[in-house]
Amino acid sequence: MLDLAALKELLASPQKIVITTHHKPDGDAMGSSLGLYNYLIQQGHHARVIAPTDYPDFLSWLPGNEDVIIYTEQPGQSAALIADAALIFCLDFNALSRINEMGALVGESKAYKIMIDHHLEPQDFDDYRHWNINACATAQLIYDFIVNELQHKELINKDVATCLYTGIMTDSASFRLPNTTSAVHRIVAELIDAGAVNWRIHELVYNSATEGRLRFLGHCLANCLEVLPEYNTAIIAVKHEDLEKFDVETGDTEGIVNYALSMASIKLAAFIVARGDKVKLSLRSKGEFPANEICKKYFSGGGHRNAAGGVSSHSLEQVVQEFKLILPEYKKLLLQ
Ligand code: 5GP
Ligand code: MN
């Protein structure tokens, strides 16, 4: 175990540091990781971000992106960096299974592990924890860690601010979710003052679609959407061959579930997609409805109350059927 004083003492001299985040990283995962990276390199640390898998192109403009290593593309170099690290920052996840094969390497490593995260039920693999489920994004916790725990507000430069803004913006669904408190808006204001160009970041993340992605979205809404008014639920189920037909790339499916949730009466939306030998579920809900409970109970997953995910080894048709059979259990909540 490390206390804050010991961690500060360690960070007072240049260290070999690995920063990692969950597989299929999203805006908060990469924004947090690169925000912390851009902070650490200012102090002479040898820091590297290792992403377990690749991530969407709409995040590739983030400052420091050119230095990110993707584990699946460079497993040897990644393993060497993990084995050699004095500190490993684990950001936006709290169970080693979320970093795939890297989990065993990080678990075995002698490095101090620092968990900074906002997901429920953390696993005990860390030496220092900055964890708060009320945070709207891990990027918010990175800001808090740098400014309030390490007392380095002056090191929130334009690059750090840009990355953290991106994390907060994406995980709060553009400042719309209930956890986007006034305190979050104050942090966001500080990030803009530190150089984050808010309108430009929105443009880079949200106005970056290709024609193919837009046509795929059209296909999902026209041909794959099923509305179940008796449960205030909507499902978008996408076959593997559709991913191939529309040449869907990493990130192209991101956010599509929100269109299903945008109908006034819909309380729960599911995007269910067959990827390779697995079926992945993305659930989104409104208000008090616990999407994460369904993912945890039935689909070996988890997440937040209003945004959760899971996986199944059954066929797409089976998973859709299983999902529908769960709804009666939640009927009262769904119709509230
Ligand atoms: P998404 O639907 O965007 O893949 O994920 C939504 C939220 O659920 C994210 O916060 C993500 O961390 C979490 N999540 C997605 N898939 C899984 C999973 O398989 N296991 C767990 N524990 N959380 C997941
Ligand atoms: Mn997050």
Side-chain angles (χ1 to χ4, degrees), residues 19-36 51-53 55-56 58-59 89-100 103 115-123 125 130-145 163-175 177 179-180 184 205 235-238 250-261 268-273 275 278-285 289-313 319 323:
I19 301 166
T20 191
T21 188
H22 58 80
H23 74 109
K24 290 208 142 280
D26 57 11
D28 188 32
M30 290 317 296
S32 301
S33 298
L34 285 167
L36 183 66
T53 62
Y55 46 91
F58 64 74
L59 298 173
F89 281 90
C90 298
L91 308 186
D92 203 34
F93 71 96
N94 62 27
L96 291 176
S97 60
R98 296 278 292 143
I99 54 174
N100 301 350
M115 177 200 294
I116 305 181
D117 178 58
H118 65 146
H119 293 91
L120 293 166
E121 298 173 2
Q123 196 185 52
F125 65 85
H130 189 57
W131 174 74
N132 185 348
I133 54 161
N134 296 318
C136 74
T138 295
Q140 178 188 347
L141 296 175
I142 300 287
Y143 180 90
D144 189 45
F145 178 65
C163 294
L164 298 184
Y165 185 97
T166 303
I168 294 175
M169 177 188 84
T170 52
D171 246 31
S172 68
S174 298
F175 317 110
L177 295 182
N179 50 18
T180 320
V184 172
V205 172
I235 303 170
I236 296 175
V238 179
T250 306
D252 283 348
T253 56
E254 189 126 348
I256 291 181
V257 63
N258 294 318
Y259 287 91
L261 198 67
L268 175 66
F271 183 80
I272 308 179
V273 58
R275 286 187 191 281
K278 281 188 186 147
V279 169
K280 173 86 181 93
L281 297 96
S282 273
L283 264 51
R284 298 292 184 271
S285 69
F289 190 88
N292 51 355
E293 191 182 300
I294 293 185
C295 289
K296 189 171 172 222
K297 234 163 121 179
Y298 297 102
F299 299 108
S300 331
H304 312 280
R305 187 178 62 202
N306 298 122
V311 72
S312 171
S313 55
V319 175
F323 179 75

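Remember, predicted model here, so these are calculated numbers, not experimental data. All values below were derived from every heavy atom in this structure, side-chain atoms included, with hydrogens, water molecules and symmetry-related copies excluded. Whatever order the structure lists ligands and atoms in, that order sets their numbers, starting from 1.
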Within a strict 4.5 Å, meaning less than it, do heavy atoms of the [X] and [Y] side chains meet?
X      : Y      : result
Arg305 : Phe289 : no
Tyr165 : Tyr143 : no
Cys90  : Phe125 : yes

Answer yes or no: does an N/O atom from [X] fall short of 3.5 Å to an N/O atom of ligand 1?
X      : value
Leu283 : no
Arg284 : yes
Leu281 : no

Would you call [X] a ligand 1 contact, heavy-atom distance under 4.0 Å?
X      : answer
Lys296 : no
Lys280 : yes
Glu254 : no
His304 : yes

Among all protein non-hydrogen atoms, which one is nearest to [atom], and what is the separation to 0.1 Å?
atom                    : value
atom 15 (C) of ligand 1 : Gly309 CA, 3.4 Å
atom 11 (C) of ligand 1 : Arg98 NH2, 3.5 Å
atom 7 (C) of ligand 1  : Ala307 O, 3.3 Å
atom 21 (C) of ligand 1 : Gly302 N, 3.3 Å

inquiry  = Please determine whether the number of non-hydrogen atoms from other residues, nucleotides or ligands lying under 6.0 Å from atom NZ of Lys297 exceeds 12.
reply    = yes
Other residues, nucleotides, ligands: >12 heavy atoms within 6.0 Å of Tyr298 OH =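 Yes - once you tally the heavy atoms of other residues, nucleotides and ligands closer than 6.0 Å, there are more than 12.
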message = Short of 2.8 Å from the Mn ion (ligand 2), name each protein N/O/S atom, waters not counted.
response =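 Asp28 OD2, Asp92 OD1, His118 NE2, Asp171 OD2, with waters left out.
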inquiry  = My understanding is that only residues two or more places apart in sequence, or in another chain, count here; which of them pass side chain to side chain donor-acceptor pair (under 3.5 Å) with Glu293?
reply    =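 Tyr330.
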Could you list the atoms of ligand 1 found under 4.0 angstrom from a heavy atom of [X]?
X      : result
Ser282 : 1 (P), 2 (O), 4 (O)
Gly303 : 8 (O), 13 (C), 23 (N)
His119 : 10 (O), 12 (O)

inquiry  = Test of understanding: with ring pair (Phe, Tyr, Trp, His ring centres under 6.0 Å), list the residues that count as partners of His130, not counting sequence neighbours.
reply    = none
message = Suppose we screen for ring pair (Phe, Tyr, Trp, His ring centres under 6.0 Å). Which residues come up paired with His118, at least two apart in sequence or across chains?
response =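 For His118 the ring pair (Phe, Tyr, Trp, His ring centres under 6.0 Å) partners, ignoring immediate neighbours, are His304.
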task = Ignoring hydrogens and angles, state whether a donor on the side chain of Ser285 or Asn306 is under 3.5 Å from an acceptor on the partner side chain.
result = yes
inquiry  = Looking only at the side chains, is there a donor atom on one of Thr253 and Arg275 sitting less than 3.5 Å from an acceptor on the other?
reply    =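 The criterion, which ignores hydrogens and geometry beyond distance, is satisfied for Arg275 and Thr253.
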query = Which is it for His22 and ligand 1 at heavy atoms under 4.0 Å: side chain, backbone, both or neither?
reply =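 Near ligand 1, His22 shows nothing, with every heavy atom at 4.0 Å or more.
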inquiry  = Once you measure the plane-to-plane angle for Phe323 and Phe299, does it fall in the parallel (<30°), tilted (30-60°) or perpendicular (>60°) bin?
reply    =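 Answer is tilted, since the angle falls between 30° and 60°.
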message = How close do Ile168 and Ser172 get, counting heavy atoms only, and between which atoms?
response = O-OG, 2.7 Å
key: Rounded distance [0.5 Å steps], CD in Glu121 versus CH2 in Trp131   =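 Taking CD in Glu121 and CH2 in Trp131, the distance rounds to 8.5 Å.
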